[in-house]
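Let me begin by presenting the structure, written as structure tokens, before commenting on it.
So that the names make sense, note that chain A is the first sequence line, chain B the second, and so on, each numbered from 1.
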Amino acid sequence: MDAVMARRILVTSALPYANGPIHLGHLVEYIQTDIWARFQRLRGNECYYVCADDAHGTPIMLKAREQGVEPEQLIERMAEHHRQDFADFLIGFDCYHSTHSAENQHYAELIYRRLEDGGYIERHTIEQLYDPSEGIFLPDRYIKGTCPRCGAAEQYGDSCEACSATYTPAELVGPVSVISGERPVTRQSEHYFFRLRDFEAMLRDWAHGGHLQPEVANKLDEWFEAGLRDWDISRDAPYFGFRIPGTEAKYFYVWLDAPIGYMASFRRLADERGLEFDAFWGAEAAGQSELYHFIGKDIAYFHTLFWPAMLHGAGFRTPDAVFCHGFMTVNGQKMSKSRGTFITARTYLEHLDAESLRYYIAAKLGPGVEDIDLSFDDFVQRVNADVVGKLVNIASRCAGFITKRFEGRLAPRLSAPELFREFTAQSERIAELYEGRDYARAVRELMDLADRANQYIDAEKPWELAKDPERAAAVQEICTVGLNLFRVLIVYIKPIMPQLAADAEAFLNIPDQEWGDAQAPLLDHPIHRFKPLKTRIDPQQVEAVVEASKETLGGDTQGEHPMPEQTGGRLAEDPIDPQIAIDDFAKLDLRVAEIRHAETVEGADKLLRLELDLGGETRQVFAGIRQAYAPEALIGRRVACLANLKPRKMRFGVSEGMVLATGSGGEALWLLSPDDGAEPGMRIR
RNA sequence: GGCUAUGUAGCUCAGUUGGUUAGAGCGUCGCACUCAUAAUGCGAAGGUCGGUGGUUCGAAUCCACCCAUAGCCA
């Protein structure tokens, strides 16, 4: 095995944004990367897989403010969820860190200083819209107004969804801040720019140096053609992020320090395991070790232009490759909350097995950037037919004979060596397919072999021979061949289904297999009693996931890049109710209330017990907001309360009213509050 | 609007440099089998390869235009 030197490889997946849960769309990438990393390790290479939460930016800051918590609390809570989701999907990170970390600050500042020393940083004063009541500059997506071209209302500050015109926020008619509803004013501010244009020659070389998929390289040519513009890397305070060294109130734009998170996470790992950081990131590391980034095609710009340019400009190595993948559609359409196809990792896991999704995604992933479709019917049929019906079935139909008739012992000789060799001969072919990220083809080849194994058993008919005591040895040999074929296939599928492989190894009573281990047959060897390694998916499980997704998912679903929530189409999903008369409204007695006390309720994981001051009267109200708000963050806050609601006895006490909130529940919940000045007890109308 | 992909049997997808009757898996139907988580094996039906026009002896494969879908336009 020493003939070939082990490669040293570092791989990354894009950093998920810390303002929302992991969903199936994210998982395509983590599963793709994890399979690749596991494959590399299985082959005996030194391979590290690192990632982190992307924790900075305006959306995080505002979301924390909404929830009445510090951003640090918000991202910590989200990181916990992310880690758990990834662990349960068997994503084997060597390190999962955060961009809000000392390591990341160190490298962000280091890179910035080196770029500045190199003359790659410029300052310009720009005009930007500012929300005077909130005291913050507004990103384009936080401004809404009427499209100057077609007159469509409620359009974002950068482009019109109705006529797809693009413009600056200043051109919007009647612009308002999404945060405060106030009219923004224009203010000047000095911003810092990264001189991307200085790197054009270097980037052109790099783009065509075999580091990119052809379709991505084409895209870059388009961008070169259009001309590279300098990149605005600063944001004004208040901003949740790292302050730019040497400034009072300028912060790094979230996208500046996000990819640096790859370095930060590896730094952390290197410190933990005594690895040499520069061996993977130093300029001299190129050619000595390999660096790969797996990303979605939507963020190619950041990873194929800014990122290599930053690394190069700061004296680090550039990536060996950036691998782009497409998006996931569900039943041929974009994921949709109303259809219940916007599925979080957690919801999926509550009803289905992680490896089923890993298998299905692998079975459809090629090396290109095409979208892949998760079709529910296809998913159920494919996983059941391939994994249970074909693959696991081989072991299932052989094991009984060995256990019952031969005391669990495999035959001492291999009676079908040519068939076995047919299987082992595919080893390098399948390895190449994994290496080239053509998992779909690898799976197809693998399942063709599984068909061959089933055909073999069918042709040999051990159940018939078993009737004749004199043919006992033949029965044992046939089943031994079958189980050896199974073992080869298990090794081949191990990167995709590591848990299945581990269970199969336990059944076969063999140690943790490496890629080459299946080349020699397992003979005269005791195995354990067979237990079902995978059970079939019931279509009702999928239905349950869809139902649960319809119920629990809020508007809080952004992906790996910071953008405010999409609001378009919400009315289409949840139409306005039938009209009522003013008298109907008058029946509601809504009051301003101040939260005097808030505490969790023992035995209820959704409820908080609130004591509300209604301006002379204290009420006890139970509100189902525990997942969205920490009790201590609520105390002193003024909220809207339905005061004349009939009191209701609950298991934990009497609830004397209701606090008003929006959102669909769980973490996706936002309390309504009056502006400053409103006093407890004031009527709301 | 510009650009880039994609559009092949009911479903999910292969189809190398244009070349004989267009393939696979799943599903469906029939038969066989009963060791196996009703799993497996054998066989059959099923497509004017998004549309139109062109290049060519010959096009799913090349060209033009159109339609549909998705993405990018920092």
Side-chain angles (χ1 to χ4, degrees), chain A residues 140 149 158-160 163-166 194 196 213-233 253 255 296-306 324-329 331-334 360 363-366 368-405 438 440-441 443-448 450-467 475 478-479 482 486 530-538 561:
Chain A
D140 294 355
R149 191 168 102 181
D158 51 356
S159 66
C160 174
C163 72
S164 51
T166 57
F194 174 53
L196 185 63
Q213 292 137 297
E215 48 273 61
V216 179
N218 288 342
K219 196 75 198 169
L220 258 68
D221 284 341
E222 250 179 70
W223 289 330
F224 291 134
E225 210 54 42
L228 299 181
R229 269 192 264 157
D230 294 343
W231 184 34
D232 183 352
I233 57 164
Y253 176 42
W255 262 112
K297 60 184 178 182
D298 53 326
I299 54 174
Y301 202 91
F302 294 96
H303 285 81
T304 60
L305 294 179
F306 298 146
C324 293
H325 60 80
F327 300 137
M328 180 150 103
T329 56
N331 294 330
Q333 296 179 291
K334 264 205 269 195
Y360 188 73
K364 306 195 76 161
L365 263 180
V369 299
E370 286 104 58
D371 293 352
I372 68 170
D373 186 51
L374 166 63
S375 152
F376 290 144
D377 293 341
D378 187 52
F379 170 70
V380 173
Q381 288 170 356
R382 185 94 193 251
V383 173
N384 286 348
D386 287 359
V387 178
V388 182
K390 289 181 180 178
L391 179 60
V392 173
N393 185 238
I394 298 165
S396 177
R397 66 194 306 197
C398 292
F401 291 110
I402 298 289
T403 307
K404 288 179 201 148
R405 293 164 183 268
D438 200 347
R441 217 176 277 260
V443 164
R444 217 174 302 132
E445 306 261 334
L446 212 149
M447 284 303 154
D448 283 347
D451 285 341
R452 289 281 296 120
N454 277 309
Q455 286 161 7
Y456 165 79
I457 297 163
D458 218 67
E460 297 296 327
K461 301 190 182 357
W463 54 93
E464 280 186 8
L465 302 184
K467 293 170 188 162
V475 173
I478 292 160
C479 294
F486 174 70
F530 181 82
K531 283 176 288 198
L533 294 168
K534 278 291 170 206
T535 50
R536 309 174 79 77
I537 301 171
D538 184 331
H561 46 153

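For L220(A) and C72(B), the CG to P distance is 15 Å, given to the nearest whole Å. Nucleotide U69(B) holds its P atom 19 Å from the CD atom of E370(A), rounded to whole Å. Distance CD (E215(A)) to P (G71(B)): 17 Å, rounded to an integer number of Å. Between the CZ atom of F486(A) and the C1' atom of A39(B) there is a distance of 14 Å, given to the nearest Å. Separating the NZ atom of K219(A) from the P atom of U6(B) is a distance of 13 Å, rounded to the nearest angstrom. Between D371(A) atom CG and C13(B) atom C1' the separation is 15 Å, expressed in whole Å. Atom CG in L374(A) sits about 10 Å away from atom P in C13(B), given to the nearest Å. In this structure, D373(A) places its CG atom 6 Å from P of C13(B), rounding to the nearest Å.
Between the side chain of T304(A) and the backbone N or O of A300(A), at least one donor-acceptor pair lies under 3.5 Å. Side-chain atoms of D371(A) never come within 3.5 Å of backbone atoms of M328(A) as a donor-acceptor pair (strictly under, hydrogens ignored). At least one donor-acceptor pair closer than 3.5 Å links the side chain of N384(A) to the backbone N or O of I537(A). The closest donor-acceptor contact from the side chain of K390(A) to the backbone of V387(A) lies at 3.5 Å or more, if one exists at all.
Here the separation of G19(B) from G58(B), taken at their C1' atoms, is 7 Å to the nearest Å. Across the P atoms, G43(B) and A60(B) are found 28 Å apart, a figure rounded to whole Å. U28(B) and G47(B): their C1' atoms are spaced 16 Å apart (whole Å). Of the C1' atoms belonging to A14(B) and G25(B), the separation is 10 Å, rounded to the nearest Å. Nucleotides U21(B) and A64(B) are separated by 28 Å at their P atoms, to the nearest Å. For the P atoms, the distance linking G50(B) with U16(B) amounts to 14 Å, nearest Å. U56(B) sits 16 Å from C63(B) when the P atoms are compared, rounded to a whole Å. Taking the P atom of each, G53(B) and U61(B) are spaced 14 Å apart, rounded to whole Å.
Remark: Q455(A) is in phosphate contact with C42(B), judged by side-chain N or O atoms under 4.0 Å from OP1 or OP2. Phosphate contact (OP1/OP2 of A39(B), side-chain N/O of K390(A), threshold under 4.0 Å): absent. Contact annotation: R441(A) side-chain N/O to G15(B) OP1/OP2 distance is under 4.0 Å. Between R536(A) and the phosphate of A39(B), there is a side-chain N or O to OP1/OP2 separation shorter than 4.0 Å.
Across C324(A) and V216(A), no two heavy atoms sit closer than the pair SG-CG2, 3.8 Å.
Ion pair D386(A)/K534(A) not flagged as a salt bridge, since none of the NZ, NE, NH1 or NH2 atoms sits closer than 4.0 Å to an Asp/Glu carboxylate oxygen. Salt-bridge formation is not detected for the pair D373(A)/K364(A): no Lys NZ or Arg NE/NH1/NH2 atom is positioned less than 4.0 Å from an Asp or Glu carboxylate oxygen.
Remark: A64(B) base-pairs with U52(B). Criterion, Watson-Crick or G-U wobble with two distances under 3.5 Å. C42(B) is paired with G30(B) under the criterion used here, namely a Watson-Crick or G-U wobble arrangement in which both key atom distances are under 3.5 Å. In this entry A36(B) has no Watson-Crick or G-U wobble partner, no candidate having both defining distances under 3.5 Å. In a base pair of the Watson-Crick type (N1 to N3 plus N6-O4 or O6-N4) or a G-U wobble (N1-O2 and O6-N3), with each distance short of 3.5 Å, G18(B) is matched with no nucleotide. Base pairing of A5(B): its partner is U69(B), meeting the Watson-Crick or G-U wobble criterion (both donor-acceptor distances under 3.5 Å). Both distances falling under 3.5 Å, in either a Watson-Crick or a G-U wobble arrangement, place U12(B) opposite A24(B).
Closest to the side chain of K364(A), from the set U34(B), U4(B), U12(B), is U12(B). In this structure, of U4(B), G25(B), U37(B), it is G25(B) that holds the atom nearest to the side chain of D386(A). Side chain of D378(A), nearest nucleotide from G41(B), A36(B), C11(B): C11(B). Comparing G71(B), C35(B), C26(B) by their nearest atom to the side chain of W463(A) picks out C35(B). For R444(A), the listed nucleotide lying nearest its side chain is A14(B); candidates were A39(B), U37(B), A14(B). Across U4(B), U37(B), A5(B), the shortest atom-to-atom separation from the side chain of S396(A) is found for U37(B).
With the nearest nucleotide of RNA chain B identified for both T329(A) and L305(A), T329(A) has the one nearer the 5' end. Between N218(A) and V388(A), the residue whose closest nucleotide on RNA chain B is further toward the 5' end is N218(A).
Heavy atoms of L533(A) sit under 4.0 angstrom from at least one base atom. Within 4.0 Å (heavy atoms only), G482(A) reaches no atom of the nucleic acid at all. P462(A) comes within contact range of no nucleotide atom at all, as no heavy-atom separation falls under 4.0 Å. Among the atoms of the strands shown, none is found under 4.0 Å from any heavy atom of V369(A). Residue contacts for F327(A): at a heavy-atom cut-off of 4.0 Å it reaches the sugar-phosphate backbone alone, with no base atom in range. Heavy atoms of G400(A) sit nowhere under 4.0 angstrom from any nucleic acid atom. D377(A) comes within 4.0 angstrom of nothing in the nucleic acid, heavy atoms only. No engagement by K461(A) is indicated, since no non-hydrogen atom pair under 4.0 Å with the nucleic acid exists.
Relative orientation of the W231(A) and F306(A) rings is parallel, given thresholds of 30° and 60° on the angle between their planes. Classification of the H303(A)-W255(A) ring pair by plane angle, with boundaries at 30° and 60°, yields perpendicular.
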